[in-house]
Amino acid sequence: MKNPNVDQGQSSPRTVNDQKVPGPKGRPFIGVIPAMARDPLSFMCKCAKRYGEVVKLPIGPKRFYLVNNPEYIKHILQENDRNFRKGYELTRPVVGNGLISSEGELWRKQRRLIQPAFHREKIASLVAAMATNIGEMLQRWQSRANPSAPVDMEAEMFRLTRHNLIKTIFSLELPEEIDRAGEAFEAGLEYLQQLMKAPFKLHALIPTPTNVRFWRSRKKIDHLIYAMLAARKDGNGKNGDLLDLLLNASADAAHDTMSDQQLRDEIMTLLMTGHETTASALAWTWYLLTRHPEEETRVVEEIKSVVGRRTPTAEDLPKLEYTGMVIDEVLRLYPSTWIFARQPLADFELGPYRIPRSAMVFLTPFIMHRHPDHWPAPETFQPQRFLPEARAERHPFAYFPFGGGPRYCIGDVLAKTIMKLVIVIVLQEFRLQQVAPDKEILPKPKATLRPGGPIEIRLEPR
Ligand code: HEM
């Protein structure tokens with residue numbers, strides 16, 4: 001990417017890429033590790049505000065670059081994506097060589113095989129089962145011993161999404177099996193979070209309580225997955241779930257079938273990537289809707305006119321346009337994947353800067369989504385920003401909650417389908433009231449962007 005405003009002639013003493021990238025100096029040797037460890041989100045927001053489009057962050061001996069310009073983000077994720085690898089080796093003990101962490105030819109082959117299972121019409125075929133499952137989960141709320149006691153909406157959304165995803169992916173019926181699978185990926189997430197904070201890679205080998213819990217539950221979930229695969233291959237295979245779709249995709253491919261180990265890695269990947277992201281986004285949805293009753297009323301009116309009191313169907317979902325805009329705006333303010341990274345394979349240029357191949361690049365939807373040059377009144381909740389005409393005026397990479405380019409999230413339609421169904425079914429049944437509507441809840445950056453305090457909500461039957 002060349003900057004046309006700068007003389008690029010051979011004889012010029014200033015080439016396009018000889019400018020020093022601005023950024024905090026940090027302390028000798030450790031750089032900005034203490035600030036990043038304390039509060040990475042606030043620290044990076046401050047750096048972006050102070051230093052601008054590209055910020056150099058010395059983290060220990062390694063150089064990290066925080067990129068806050070939509071054109072540069074497009075360049076990295078889409079136009080020049082072949083110059084980057086993900087470098088997500090850290091996740092391998094949990095998800096193996098699944099889609100989120102694989103690279104190169106293996107990734108290309110797997111993406112080609114799995115993509116069809118996530119097509120809009122395939123996800124539509126799962127809607128009826130998902131809606132029934134969500135309805136059943138809500139019966140728990142209806143039969144609570146103390147209906148006026150507030151519920152912890154974050155915990156509830158985690159539970160609901162976990163059950164929904166486990167049933168959508170492999171139709172498990174037995175509550176103990178669901179809990180066992182749920183336990184295993186909770187342990188996996190905890191393990192990953194600890195590893196991300198650990199200064200040394202060796203940490204993964206030390207028998208800390210988190211590591212031991214993870215090692216044990218990994219055995220259990222592997223056993224469960226392999227048993228299920230064996231049962232399906234013995235002919236017990238018409239469940240109409242995502243696992244059927246994956247197995248069919250594998251069987252239909254002329255040459256590229258998936259080994260059981262690869263299927264196991266892909267199933268773990270889908271559970272790990274789909275659960276916390278969708279659950280966090282739903283928790284934030286209730287936080288925002290209860291703080292903006294006028295928006296909640298618009299959503300309720302739309303549900304009344306499109307769906308009424310019946311169970312929502314796949315045909316209803318595209319008609320719930322305002323609800324879709326609310327989801328987009330929730331993911332603008334609180335993008336579950338608040339940060340992700342790329343490792344350049346060769347030096348490259350971003351405007352006037354040259355970034356070396358030894359570096360790591362950070363892309364932060366959270367920061368870009370609140371950039372005042374692209375979002376007027378960026379801190380306020382305004383779903384109308386996602387009206388088609390407003391959307392058309394923005395740079396497409398000013399908003400990238402699901403990433404971009406070839407490695408765009410494979411589960412975006414599934415995530416938005418689950419979110420829409422949950423919003424409709426909850427609002428059909430309940431009026432929601434936040435216990436402390438004036439108390440601001442700050443985001444807490446974990447593996448996903450979680451609420452930093454409890455979202456306590458009173459539910460009143462409609
Ligand atoms: C609101 C919910 C979700 C958000 C915000 C989200 C966000 C993202 C983002 C930003 C990426 C790109 C990461 C990168 O390029 O490094 C990604 C990739 C991915 N997501 Fe999601 N995701 C969500 C839900 C889901 C669901 C429900 C699934 C599947 C069950 C899923 C499966 C994946 C997979 C497999 C990848 C890797 C794709 C590849 O590299 O080819 N995600 N997601």
Side-chain angles (χ1 to χ4, degrees), residues 67 73-74 76-78 81 84-91 94-104 106-115 117-119 122-123 126 130 157-158 161-162 164-170 185 241-243 245-246 262 265-285 324 326-343 360-366 368-369 397 399-423 447-450:
V67 178
I73 294 169
K74 182 176 167 199
I76 293 165
L77 292 179
Q78 189 169 298
D81 68 289
F84 297 90
R85 64 192 297 277
K86 277 185 146 179
Y88 286 9
E89 280 76 15
L90 201 68
T91 61
V94 184
V95 297
N97 260 322
L99 211 51
I100 193 85
S101 57
S102 56
E103 310 263 5
L106 175 64
W107 169 76
R108 249 181 293 284
K109 175 193 140 190
Q110 287 303 112
R111 178 93 193 196
R112 213 171 32 236
L113 276 175
I114 297 171
Q115 184 85 51
F118 283 86
H119 279 168
K122 293 282 183 341
I123 300 300
L126 305 172
M130 285 194 241
M157 291 301 108
F158 267 69
T161 312
R162 184 166 68 223
N164 201 259
L165 217 53
I166 290 174
K167 287 206 61 164
T168 313
I169 294 180
F170 28 64
F185 60 82
D241 55 17
L242 214 58
L243 183 57
L245 296 175
L246 281 184
Q262 191 64 40
D265 288 353
E266 299 302 357
I267 290 167
M268 261 323 256
T269 296
L270 297 179
L271 289 173
M272 296 298 293
T273 49
H275 171 226
E276 189 173 327
T277 46
T278 312
S280 302
L282 274 167
W284 287 115
T285 304
V326 165
I327 292 172
D328 289 339
E329 178 69 344
V330 169
L331 287 169
R332 180 185 72 83
L333 282 169
Y334 301 104
S336 319
T337 308
W338 65 280
I339 185 167
F340 51 99
R342 288 293 185 269
Q343 247 176 13
M360 192 89 181
V361 179
F362 282 148
L363 306 171
T364 48
F366 184 89
M368 198 68 247
H369 291 181
F397 279 80
Y399 183 70
F400 62 115
F402 293 101
R407 300 211 67 157
Y408 187 82
C409 175
I410 207 167
D412 67 329
V413 175
L414 176 60
K416 286 185 176 183
T417 301
I418 296 175
M419 288 183 72
K420 250 189 198 173
L421 287 172
V422 171
I423 294 171
T448 60
L449 197 65
R450 304 272 291 265

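Residue numbers count from 1 along this sequence. Whatever order the structure lists ligands and atoms in, that order sets their numbers, starting from 1.
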Near [X], which atoms of ligand 1 are under 4.0 Å from a heavy atom of that residue?
{"X": "Trp107", "answer": "39 (C), 40 (O), 41 (O)"}
{"X": "Leu414", "answer": "30 (C)"}
{"X": "Lys86", "answer": "14 (C), 15 (O), 16 (O), 40 (O)"}
{"X": "Thr278", "answer": "2 (C), 27 (C)"}

Any chance you could measure Ile123, atom CD1, to Thr417, atom OG1, to the nearest 0.5 Å? 6.5 Å
With atom 21 (Fe) of ligand 1 as the centre, enumerate protein N/O/S atoms below 2.8 Å in chain and residue order. Cys409 SG
When you measure from [atom] to every protein heavy atom, which one gives the shortest distance, and what is it?
{"atom": "atom 5 (C) of ligand 1", "value": "Pro401 O, 3.5 Å"}
{"atom": "atom 16 (O) of ligand 1", "value": "Tyr88 OH, 2.6 Å"}
{"atom": "atom 30 (C) of ligand 1", "value": "Leu270 O, 3.4 Å"}
{"atom": "atom 40 (O) of ligand 1", "value": "Arg407 NE, 2.9 Å"}
{"atom": "atom 38 (C) of ligand 1", "value": "Arg111 NH1, 3.4 Å"}

Polar atom proximity, Ser336 to ligand 1 (N or O, under 3.5 Å): no
If you measure every N or O of Arg342 against every N or O of ligand 1, does any of those distances drop under 3.5 Å? yes
Results of ring-ring contact (aromatic ring centres under 6.0 Å, His included) for Trp338 - residues two or more places apart only: none
Phe118: which residues meet the ring-ring contact (aromatic ring centres under 6.0 Å, His included) condition with it, sequence neighbours left out? none
Taking only non-hydrogen atoms of Phe400, do any sit less than 4.0 angstrom from ligand 1? no
Does the side chain of Ser280 come under 3.5 Å of the side chain of Thr448 through a donor N or O and an acceptor N or O? yes
Could you please spell out the steps behind the side chain to side chain contact (heavy atoms under 4.5 Å, CB included) verdict for Val422 and Met157? CA-CA 9 Å; Val422 171; Met157 291 301 108; 4.0 Å; yes
How about Met360 and Arg342: do any of their side-chain heavy atoms sit closer than 4.5 Å? no
Hey, can you tell me if Phe340 and Phe400 have their rings parallel, tilted or perpendicular (30° and 60° cut-offs)? perpendicular
Quick one: which of Trp338, Trp284, Tyr408, Phe340 has a heavy atom closest to atom 13 (C) of ligand 1? Phe340
Taken in chain and number order and not counting sequence neighbours, the residues that satisfy side-chain contact (heavy atoms from CB on, under 4.5 Å) with Gln78 are Lys74, Phe397
Heavy atom under 4.0 Å from ligand 1: found in Met419's side chain, backbone, both, or neither? neither
